[in-house]
Amino acid sequence: MPLSFAASGSASLPLHLITPDQLDDTLAGLDPAQADWIRAQGFTAASGSVCTYPGASGIAGAVAGLGPDKERLRGRFALGAVRKSLPKGVYHLETTLAGAALDEQLLGWLFAGYVFDTYAKKPAPEAELIAPEGADAARLEAIAAGESLTRDLINTPANDMGPAELEAAAVALAKDHAAEMSVISGADLLDQNFPMIHAVGRASPRAPRLIDMRWGKAGPTLTLVGKGVCFDTGGLNLKPGASMGLMKKDMGGAATVLGLAKMIMALNLPLQLRVLIPAVENAVDGSAFRPQDILTSRKGLTVEINNTDAEGRLVLADALALADESPSDLVISMATLTGAARVALGPDVPPFFATDAADAGVLSKAAMTVADPVWQLPYWEPYEPMIEPGIADLDNAPSGGMAGAITAALFLRRFVTETPRYMHFDIYGWNPSAKPARPKGGVGQGARAILAALPELLKL
């Protein structure tokens, strides 16, 4: 089913979306027999719960729970869980929610319509909803479409989502929105001075490439850089099987910036957008880069390779160096970069780093407003010596195992020297288990927070 709302004016049933504190008042407004029916079902308005109630000729409507106000983040997208449980029909909301809280639930409804059925057919929910009066349905549908693109790209297995296929997805997106595209691939990466992108991808028969998309002719400039490691074996520092199992998602940063770009372009935001994606497969053969190799980056900085499984920062470094040659008002990188970020914050909360304290505050506030949680970690400068091996300018995998997310962010910051405002997101891009409106599998993280923050970040 499309991630869209039902046409306004359709015949519809009421769907009362309430907290436990609103239950008694809601029941008082219904027919006494209907209220007795709901009470008899044990409905308490717990988050995501739903109870239909009868009328003269079948279902007359439904009540659905938001849970207590204090459990908002725990119960985010409750309406998504409700949609999964509602019988087929068209509904309209009866709720006191407004503003961002209402938008969150409406997005939950749309997100719950997402089904990844490329390889096995799965039923989509059949309940439909008319967008409430005053809700910006077109904006919410654009956000849902961007999230759907991100999920599709991450969920697609690596045999069908290599560097060429990721390029094709970017080309299709550019075509939809009249954006300009250029791609540098294979040996041309060396000729045009992207040596680390080439080094990481050269062992694969699927040629590495740098994808460059531009959109918008006026307004402030925004550059998004997404890690596009379409599969990561770990290279010669081969991952164990258990760690390799989810590596189709190692292009989650690329998938997320493409989803965000889709939102920005569909909403026609008044800015100039550039999207850079280094797309590679980190494979193993006789030409693979090795531990103790020293690579020279586009920026001119030398990098000692102490672990070929720390490849994401290498490809990002060359892409960030290119972005920095034409300074933007804001550069943002997104990557499934470190296990340390997951150890620190788990799968749901990606850390971010910001060179500008005011930007960090704006982003953090926007993230809470739209229920797209992120958490700031510091560019802790006393750790800079940890990424300086002595034999080269930088170390791609400092020993000791401490502060891995921070040292990776510090590494990337070395390649953004001319652009004062830079943010980096260390995302996971995956739901380990199903949650309301977020099935197990690929998921966007941070994109909605960034979208909500852009008007203030870029003075749009």
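Starting from 1, each residue takes its place in the sequence as its number.
Of all heavy-atom pairs between Trp109 and Ala127, the closest is CZ2-O, 3.4 Å. Closest approach of Leu107 to Ala144, counting heavy atoms only: CD2-N, 4.4 Å. Listed here is the closest heavy atom pair of Gly234 and Asn282: C-ND2, 3.5 Å. Here the closest heavy-atom approach between residue Leu166 and residue Ala279 is recorded as CD2-CB, 4.0 Å. Shown here for Gln445 and Tyr428, the closest heavy-atom pair between the two residues is OE1-N, 2.9 Å. Residue Ala449 comes nearest to Asp372 through the heavy atom pair N-OD2, 2.9 Å, listed as atom of the first residue, atom of the second, then distance.
Counted by atom type alone, Asn306 and Asp395 present one or more donor-acceptor pairs between their side chains at under 3.5 Å.
With Phe111 as the aromatic partner, Arg151 meets the cation-pi criteria of under 6.0 angstrom to the ring centre and within 45 degrees of the ring axis.
Judged by distance alone, with hydrogens and angles left aside, the side-chain atoms of Thr407 form a donor-acceptor pair with the main-chain N or O of Gly404 at under 3.5 Å. Remark: the backbone N or O of Ala207 is not paired with any side-chain donor or acceptor of Ser185 at under 3.5 angstrom. A donor-acceptor contact shorter than 3.5 Å is absent between the side chain of Thr419 and the backbone of Arg421. Using a distance-only test at 3.5 Å, with no hydrogens or angles considered, no donor-acceptor pair links the side chain of Ser204 to the main chain of Ala283. Ser297 places no side-chain N or O within 3.5 Å of a backbone atom of Asp318 that could act as its donor or acceptor partner. Glu141 places a side-chain N or O within donor-acceptor distance of the main-chain N or O of Phe5, the cut-off being under 3.5 Å.
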Item to complete: Test side-chain contact (heavy atoms from CB on, under 4.5 Å) on Met244 and Phe231 and set out the steps.
Response: CA-CA 9 Å; Met244 207 185 299; Phe231 194 80; 3.6 Å; yes
Worksheet entry | Residue pair Arg139, Asp103: steps toward the salt bridge (charged side-chain N to carboxylate O under 4.0 Å, His left out) verdict | CA-CA 10 Å; Arg139 176 181 173 82; Asp103 286 349; 5.9 Å; no
Discussion item. Applying side-chain contact (heavy atoms from CB on, under 4.5 Å) to Arg414 and Arg313, what does each step give before you reach the verdict?
Written reply: CA-CA 11 Å; Arg414 293 289 188 95; Arg313 67 200 70 186; over 6 Å; no
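Note that CG of Leu271 and CG of Leu457 are 11.0 Å apart. Values are rounded to the nearest 0.5 Å. Atom-to-atom distance recorded for Gln192:CD and Ile184:CD1 is 4.0 Å, nearest 0.5 angstrom. Rounded to the nearest 0.5 angstrom, Thr302 OG1 and Leu394 CG are separated by 7.0 Å. For the atom pair CG of Leu295 and CD1 of Ile305, the computed distance is 4.0 Å after rounding to the nearest 0.5 Å. Annotation: the span from Arg298 atom CZ to Phe415 atom CZ amounts to 12.5 Å, rounded to 0.5 Å. Distance check, rounded to the nearest 0.5 Å: CH2 of Trp380 to CG of Leu410 gives 11.0 Å.
For Glu456, the CD atom is loosely surrounded, since the number of other residues' heavy atoms within 6.0 Å does not exceed 12.
The pair Arg274-Asp212 meets the salt-bridge criterion, with a side-chain N (NZ, NE, NH1 or NH2) lying under 4.0 Å from an Asp/Glu carboxylate O. Under a 4.0 Å N-O distance rule, the pair Arg413/Glu381 qualifies as a salt bridge. Salt-bridge formation is not detected for the pair Asp285/Arg202: no Lys NZ or Arg NE/NH1/NH2 atom is positioned less than 4.0 Å from an Asp or Glu carboxylate oxygen. Between Glu104 and Arg448 there is no salt bridge, since none of the side-chain N atoms of the basic residue sits less than 4.0 Å from a carboxylate O of the acidic one. Ion pairing of Asp329 with Lys459 is absent here, as no side-chain N (NZ or NE/NH1/NH2) approaches a carboxylate O to less than 4.0 Å.
Ring pair Tyr383/Tyr379: centre-to-centre distance not below 6.0 Å.
Considering Asp426, Thr336, Thr256 as possible partners of Lys227, the one that fulfils the side chain to side chain contact (heavy atoms under 4.5 Å, CB included) test is Thr336. Screening Asn193, Asp393, Thr417 for a side chain to side chain donor-acceptor pair (under 3.5 Å) with Lys299, the sole residue that qualifies is Thr417.
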